[in-house]
Amino acid sequence: MAALAMLRTLRNRSFTSFSPLRLPIRSALSRFISTLVVAEHDGGSIKPSSLSAVEAAAAISRENSISVLLGGSGPDIGKAALQAASSHPLISQVLVADADIFLHPLAETWAELVHLVQQKGGYSHIITASNSFGKNILPRAAALLDVSPVTDITEISEPHLFVRPIYAGNALCTVRYVGKDPCMMTIRSPSFPMHSESAEPKSEAAPISQVDLSTFNEEFFGKSRWLKLASQDTERPDLGNARVVVTGGRGLKSAENFKLLEKLAEKLGAAVGATRAAVDAGFVPNDLQVGQTGKIVAPELYMAFGVSGAIQHLAGMRDSKVIVAINKDADAPIFQVADYGLVADLFDVIPELIEKLPEKK
Ligand SMILES: Cc1cc2nc3c(=O)[nH]c(=O)nc-3n(C[C@H](O)[C@H](O)[C@H](O)COP(=O)(O)OP(=O)(O)OC[C@H]3O[C@@H](n4cnc5c(N)ncnc54)[C@H](O)[C@@H]3O)c2cc1C
């Protein structure tokens, strides 16, 4: 509530509330496209993956009326709402669920929030990014709304026609959604980069409104509790959004040797990734895993050291703009997707790169 008060003071803008008339009107205009983007923020900034979800919403239709849903409390939610309000020309409103229970992405509470907002707003589409936040919340919210979600969308051809990868990214499947509204979807963020014209702040920001939580189903409180966030204490960029990723495979041979890769990452301002074999061997924690059962990345530069190039790994990185592979086996499958390949011992290459690269400013 305090954050909303801050928002009112910060900007003198209209605070709209849900109109009870909106739902029947929307039902009558069945071709009216309105999308709810379930967004994440961090320290008052909308996460890049959520901005990609807004781009995906814009790809559904240029006539789309986009609402962005944010949750949390404190000053950060106010800052994030202000950013969202002017982040894309098609955003028509920002909805703020200002309560401590939305500070953490617990599936039970967030799914009920999406359910509540959908009941009042009657959206034709609901979108979120295909990351741990979206993958956690959307299926449960879809079950509450009794629809089947379409996941991992990489292309939107028509409002209900999508492309998504199957068989670990080895085939692309075109899917037509024929269920009732809302059409709920998760999108792969690298497939919907922010357009430069969208990045320019709007001259007129969208209104920010508070979600009326008076009818929030309290049955969902206490079913799960947030205990703690265990994450790497690192200043390196987030693996999912980094411009450069350096990945190590089983060829690194030990956790100790991964420190070499971390030094290289520091020089390049890169995130560190790993194969599942490296994670399973205990060299690095599993939040660094890239691939079918790990993170999907598409950086500008992806450097793979001692990675064989199994299809499950390629599924997570093959959309990278430039792929560089260093492997001592000239027949390693990674060379089939690499733009630049070096048949060499990584224990010679990494120290040489560290020595020759300039210090990052
Ligand atoms: C259902 C399922 C899901 C999976 N999901 C994933 C996933 O999400 N991500 C993932 O990565 N894997 C995943 N896997 C595992 C995947 O099949 C491979 O086993 C794994 O990717 C191999 O990892 P790797 O390339 O590090 O190891 P390896 O295949 O053992 O390759 C090591 C490479 O290092 C090279 N090498 C060794 N020493 C050196 C050196 N000194 N210098 C240079 N090169 C060297 C070798 O030539 C070799 O090519 C999954 C598997 C299954 C069945």
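Since the structure is predicted, the reported quantities are computational estimates derived from the model, not experimental observations. Just follow the structure's listing: the first ligand is 1, and inside any ligand the first atom is 1. Computation of the quantities below employed the complete heavy-atom set of this structure, encompassing side-chain atoms and omitting hydrogens, waters and symmetry-equivalent molecules.
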For atom 12 (N) of ligand 1, which of the options Arg276, Lys328, Lys295 provides the nearest non-hydrogen atom? Arg276
Is any N or O atom of Gly249, backbone or side chain, closer than 3.5 Å to an N or O atom of ligand 1? no
Is the His313 ring parallel, tilted or perpendicular to the Tyr302 ring (thresholds 30°, 60°)? tilted
Tell me, which protein residue and heavy-atom name are nearest atom 25 (O) of ligand 1, and how many Å apart are they? Ser308 N, 2.8 Å
Looking only at atom types and distance, does a side-chain atom of His104 sit under 3.5 Å from a main-chain N or O of Lys228, one as donor and one as acceptor? no
Quick one: does Gly306 get an N or O within less than 3.5 Å of an N or O on ligand 1? yes
Atom indices of ligand 1 within 4.0 angstrom of Phe347 heavy atoms, with elements: 41 (N)
Does some non-hydrogen atom of Ala315 fall short of 4.0 Å from ligand 1? no
Could you find the nearest protein heavy atom to atom 36 (N) of ligand 1 and give me its residue, atom name and distance? Gly251 CA, 3.8 Å
Quick one: look up the protein heavy atom nearest atom 47 (O) of ligand 1 and list residue, atom name and how far away it is. Asn327 OD1, 2.7 Å
Check whether the side chains of Ser50 and Glu40 place a donor and an acceptor atom closer than 3.5 Å, and report yes or no. no
Of the listed options Val290, Thr293, Thr275, closest to atom 9 (N) of ligand 1 (non-hydrogen atoms): Val290
Any N or O of Ala278 that comes nearer than 3.5 Å to an N or O of ligand 1? no
Return yes when atom NZ of Lys263 has more than 12 non-hydrogen atoms of other residues, nucleotides or ligands closer than 6.0 Å, and no otherwise. no
Of the protein's non-hydrogen atoms, which lies at the shortest distance from atom 53 (C) of ligand 1, and what is that distance? Gln312 NE2, 3.8 Å
